[in-house]
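Step one of this worksheet: look at the structure below.
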Amino acid sequence: MALNFSPISMIRGPIRSAAGYGKRRSQWFFRKLYFHAIYGMNYASPDHRANGELAAMRYVRDRVGRGDAVLFDVGANVGDYSLELRQCFGPAARIFAFEPAPTTYAQLQQTAASLAPMRTFNFGLSKAAATCELFTPAAGATIASVYQMRADHPWATRATEPIELRTLDEACAAEGIEAIDFLKIDVEGAEIDVLQGGRSMLDRGAVHFIQFEFGFRQVDSRTFFRDFFDLLGKQYRISRIVADGLCPLPKYGEELEVFYGVSNYLAERR
């Protein structure tokens, strides 16, 4: 006889007994349990020095196996992540950093001066070439986005500045780039737009590894995690980056739609 057995079924009974499963009086307990689970699953750790991103970067480096790897830092801000790329991949790696905000870009150029060979670009990447407004709480903020945050959010975007957008395919054609070894995307809710602007590169298998962010900013862009699976799932193995490695996601499920906090994912070409 087949057994109906799962980790959830093991703990459901004790929780029902201890906390009053589904009862109004017990919701404080389940709310605390929920947030503990969110933090334990690494959904609310944005610091790339502590959340497993550096280990994922080393994982990519070991599989690329080339000193002159082509690395894209999309949403580079002032260049902190580019610094990590240089330290991880070495002096021969070719880093291309994209930052559309003029004030932030000036700081990125200062960082890039010590990271040659490194190219910097004062435009963002999206699904189509355009000029638009970048919404930000203040100049140089790390959560600036082409999508406006709701007005009652604690980090509401109250300032704007005009920026230029191009597509990933256009940027690669202009620079003569035939393949990208590692594409890192951190653009505050517009990650799927960047990927849609690189359909030609993706369709011909020219992007080997992709790291992208998913979380609370996807609420503003009305993006679901399913959109990433639909776009990448057939060509890439997708894993969630956790503090001590990679957690494979072999198939899509609605439980992956977590909009609290933020988590990073690594897509590896099959």
Side-chain angles (χ1 to χ4, degrees), residues 45-61 64 66-126 132 134-146 155 157 159-168 170-172 174-177 180-191 193-194 197-198 207-213 217 241 262 264 266:
S45 181
D47 184 359
H48 69 266
R49 299 175 184 85
N51 64 7
E53 287 186 72
L54 297 185
M57 186 187 295
R58 292 190 292 270
Y59 173 88
V60 173
R61 177 201 61 198
V64 169
R66 289 188 8 255
D68 61 343
V70 175
L71 315 172
F72 271 41
D73 186 357
V74 182
N77 199 258
V78 300
D80 290 343
Y81 193 88
S82 291
L83 281 169
E84 301 289 359
L85 286 172
R86 173 64 72 225
Q87 292 177 13
C88 181
F89 284 85
R94 301 172 60 198
I95 301 175
F96 298 80
F98 300 82
E99 175 52 51
T103 302
T104 309
Y105 179 72
Q107 299 178 64
L108 174 62
Q109 285 184 300
Q110 294 177 14
T111 303
S114 63
L115 297 180
M118 175 177 170
R119 296 289 308 280
T120 62
F121 303 87
N122 191 197
F123 56 83
L125 298 182
S126 190
C132 69
L134 183 72
F135 298 94
T136 177
T142 59
I143 59 171
S145 176
V146 296
W155 298 337
T157 48
T160 63
E161 52 186 332
I163 62 167
E164 179 186 358
L165 298 174
R166 302 181 191 177
T167 70
L168 178 65
E170 290 171 340
C172 289
E175 294 299 315
I177 297 171
I180 300 171
D181 292 298
F182 184 34
L183 169 62
K184 167 263 183 183
I185 313 172
D186 181 358
V187 288
E188 301 301 321
E191 284 78 3
D193 295 343
V194 175
V207 184
H208 303 147
F209 288 88
I210 304 167
Q211 180 181 314
F212 63 91
E213 194 175 74
R217 291 311 306 265
I241 297 173
V262 65
N264 283 276
L266 185 70

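- At least one side-chain heavy atom of Tyr59 sits less than 4.5 Å from a side-chain heavy atom of Leu266.
- Side-chain contact between Ile180 and Phe96 is absent, with no heavy-atom pair separated by less than 4.5 Å.
- Of all heavy-atom pairs between Val146 and Cys132, the closest is CG1-SG, 3.8 Å.
- Side chain of Arg217 to backbone of Ile143: a donor-acceptor contact under 3.5 angstrom is found.
- A side chain to side chain donor-acceptor pair (under 3.5 Å) check over residues 83-99, counting only residues at least two apart or in different chains, returns nothing.
- Taking both residues in full, the closest heavy atoms of Ala97 and Leu108 are given as CB-CD2, 4.1 Å, listed atom of the first, atom of the second, then distance.
- Rounding to the nearest 0.5 Å places CD1 of Ile163 at 10.5 Å from OG1 of Thr136.
- Of all heavy-atom pairs spanning Ala171 and Leu125, the tightest one is CB-CD2, 4.2 Å.
- In this structure, CZ in Phe182 is found 6.0 Å from CE in Met57, a value given to the nearest 0.5 Å.
- Residues Arg49 and Asp80 form a side-chain contact, since some pair of their non-hydrogen atoms from C-beta on lies under 4.5 Å apart.
- In this structure, the side chains of Ser82 and Leu115 come closer than 4.5 Å at one or more pairs of heavy atoms.
- The backbone N or O of Pro100 lies less than 3.5 Å from a partner atom in the side chain of Asn122, making a donor-acceptor pair.
- With Thr111 contributing its side chain and Val78 its backbone, the two residues share a donor-acceptor pair below 3.5 Å.
- Proximity of Glu175 to Phe121: side-chain heavy atoms (C-beta onward) are separated by under 4.5 Å at one or more points.
- Summarising the geometry of Val64 relative to Ala69, their closest heavy-atom pair is CG1-CB, 3.8 Å, with the distance given to 0.1 Å.
- One finds the OG1 atom of Thr167 at 12.0 Å from the CG atom of Asp193 (value rounded to the nearest 0.5 Å).
- When every heavy atom of Pro117 is checked against every heavy atom of Pro91, the shortest pair comes out as CD-O, 3.4 Å.
- Interatomic distance, Phe98 CZ to Ser126 OG, rounded to the nearest 0.5 Å: 13.0 Å.
- The side chain to side chain donor-acceptor pair (under 3.5 Å) check on Arg166 picks up Glu164, with sequence neighbours excluded.
- Counting heavy atoms from C-beta on, the side chains of Asp186 and Glu188 come closer than 4.5 Å.
- Using a 4.5 Å heavy-atom threshold, the side chains of Asp181 and Phe89 count as separate.
- Atom-to-atom distance recorded for Leu85:CG and Met118:CE is 8.5 Å, nearest 0.5 angstrom.
- Leu168 and Leu183 get closest at one heavy-atom pair: CD2-CD2, 4.0 Å.
- Between Gln211 atom CD and Phe72 atom CZ the span is 15.5 Å, to the nearest 0.5 Å.
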